[in-house]
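First the structure, in the form of structure tokens, and then the observations on it.
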There are 2 protein chains.
Amino acid sequence: MKIGDLAKLTDTRVETIRYYEKEGLIPAPSRNSGNYRVYEDAHLKRLSFIRRSRDLGFTLEQVRTLLKLADNRDASCMEVDTIAAEHIVEIDRKISDLTLLRDQLVLSVDRCQGDTIADCKIIEALAPARMK
Amino acid sequence: MKIGDLAKLTDTRVETIRYYEKEGLIPAPSRNSGNYRVYEDAHLKRLSFIRRSRDLGFTLEQVRTLLKLADNRDASCMEVDTIAAEHIVEIDRKISDLTLLRDQLVLSVDRCQGDTIADCKIIEALAPARMK
DNA sequence: TATTGACCCTATAGTAACTTCAGGGTGCAT
DNA sequence: ATGCACCCTGAAGTTACTATAGGGTCAATA
């Protein structure tokens, strides 16, 4: 498998794969005669794991830890639990932040009558108290 | 007003204020004898506007545009409307992405019995289909 | 008066997780 | 042989700041 094939299979950009290799997340594959990277099935599996974790919002640092843990099949999954639980808390925080922010924006957009900037409720919502 | 005062009033770090100046978001203030920046009320207003916009999740690029628009009091606020509306769409997308992601994580954490990695449902959720 | 401490200055580099760019090689088909 | 899609490396760019190094200013205190 060449890097482009792997990229297509995992919906990852070629540059990102090379970046993961440089970061040590994926082992350096062997090369063919033309110095092209040649990937095996194990690479595909590992990269899929990384991409799925990233899609779920884990940082690369967390992915690094998860990969180490995942390799140790007899160990307890307590640590994995902890990472996931912390991540959920983080996501919940983000969701409620965004929801609050959304409501404020919708409010000012709703009140805006589309007239001049001087009367724009959105700009008003952004301006400090003493500018109003 | 010295930079530290302005920082306190707007809940902004001193470095961030200097960064905004370098980025042209805030005009360079005059300096006192000791080469310290001296700020006026107009700076406070402008920085407050920027911070509030950032808090609402607008990018600095969007803030730049909003500032330009806000200065033009007779213009129509149509463009402001558009930016805000697009931003809301973006936020909604983020919220639903995060919600989906949260549900998937909660599911796998709930199913996890805290035994070995080999049986860990969280790791399973991350692994590609053929690894399961 | 000397010095301490809080504050200010500039310029540069670092952060996360990539993406883009410059400048070039490989391999296959026409 | 030449065009084209694909591959290579190394360095720099992206966003929105934050941190660091190395130094100056100023008011109050010993």
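In what follows, chains carry the letters A, B, and so on, assigned in the order in which the sequence lines appear, proteins first and then strands, with residues in each chain numbered from 1.
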One thing to verify: whether B:K94 and A:D97 come together as a salt bridge, which I'm taking to mean a side-chain N less than 4.0 angstrom from a carboxylate O.
no
Shared hydrophobic cluster for A:I83 and A:I88 (ILVMFWY, side-chain gaps under 4.5 Å)
yes
Tell me, which of residues 82-101 of chain A have any heavy atom that sits under 4.0 Å from an atom in DNA chain C?
none
Is the number of heavy atoms from other residues, nucleotides or ligands under 6.0 Å of B:D71 CG greater than 12?
yes
Ignoring hydrogens and angles, tell me if any N or O in the side chain of B:R102 forms a donor-acceptor pair with the backbone of A:D92 under 3.5 Å.
no
Will you find, in the side chains of B:R51 and B:Y20, an N or O donor that is under 3.5 Å from an N or O acceptor?
yes
Please say whether more than 12 non-hydrogen atoms of neighbouring residues, nucleotides or ligands are located less than 6.0 Å from CG in B:N32.
yes
Using rotation axes that map the C1' atoms of four end pairs onto the next four (five pairs an end), what angle separates the end axes of the helix from C:dT1-D:dA30 to C:dT30-D:dA1, to 10°?
30°
Please tabulate, for the side chains in residues 75-82 of chain B, all donor-acceptor contacts under 3.5 angstrom to protein atoms that are two or more places apart in sequence or on a different chain.
unit_1	atom_1	unit_2	atom_2	d
B:S76	OG	B:M78	N	2.9
B:T82	OG1	B:M78	O	2.9

Whichever of B:E61 and A:V14 has the more 5' nearest nucleotide on DNA chain D, that residue is A:V14
For DNA chain D, note the earliest and the latest nucleotide, 5' to 3', having some atom under 4.0 Å of a heavy atom belonging to chain B.
D:dA16 to D:dC26
Might you point out which heavy atoms bring B:D55 and A:L101 nearest each other, and give the distance in Å?
O-CD1, 3.5 Å
Test your reading of the model: is there a side-chain donor-acceptor pair from A:D110 to the backbone of A:L107, 3.5 Å cut-off?
no
Side chain of B:H87, backbone of A:L105: donor and acceptor closer than 3.5 Å?
no
Sugar-phosphate, base or nothing in reach of B:R37, heavy atoms under 4.0 Å
sugar-phosphate
Tell me, which pairs form a salt bridge (Lys or Arg N to Asp or Glu O under 4.0 Å) where one or both residues lie in residues 14-27 of chain A, sequence neighbours left out?
A:R13-A:E15, A:E21-A:R37, A:E23-A:R64
Are A:Y36 and A:M1 connected in a single hydrophobic cluster, I mean Ile/Leu/Val/Met/Phe/Trp/Tyr linked by side-chain heavy atoms less than 4.5 Å apart?
no
Footprint string (nucleotides 18-30 of chain C, 5' to 3'): B base within contact, S backbone only, - free, heavy atoms under 4.0 Å:
BSB----BBS---
Closest approach of A:Q62 and A:F58, non-hydrogen atoms and distance?
OE1-CA, 3.2 Å
Round to a whole Å and report the spacing from CD1 of A:I17 to P of C:dA17.
18 Å
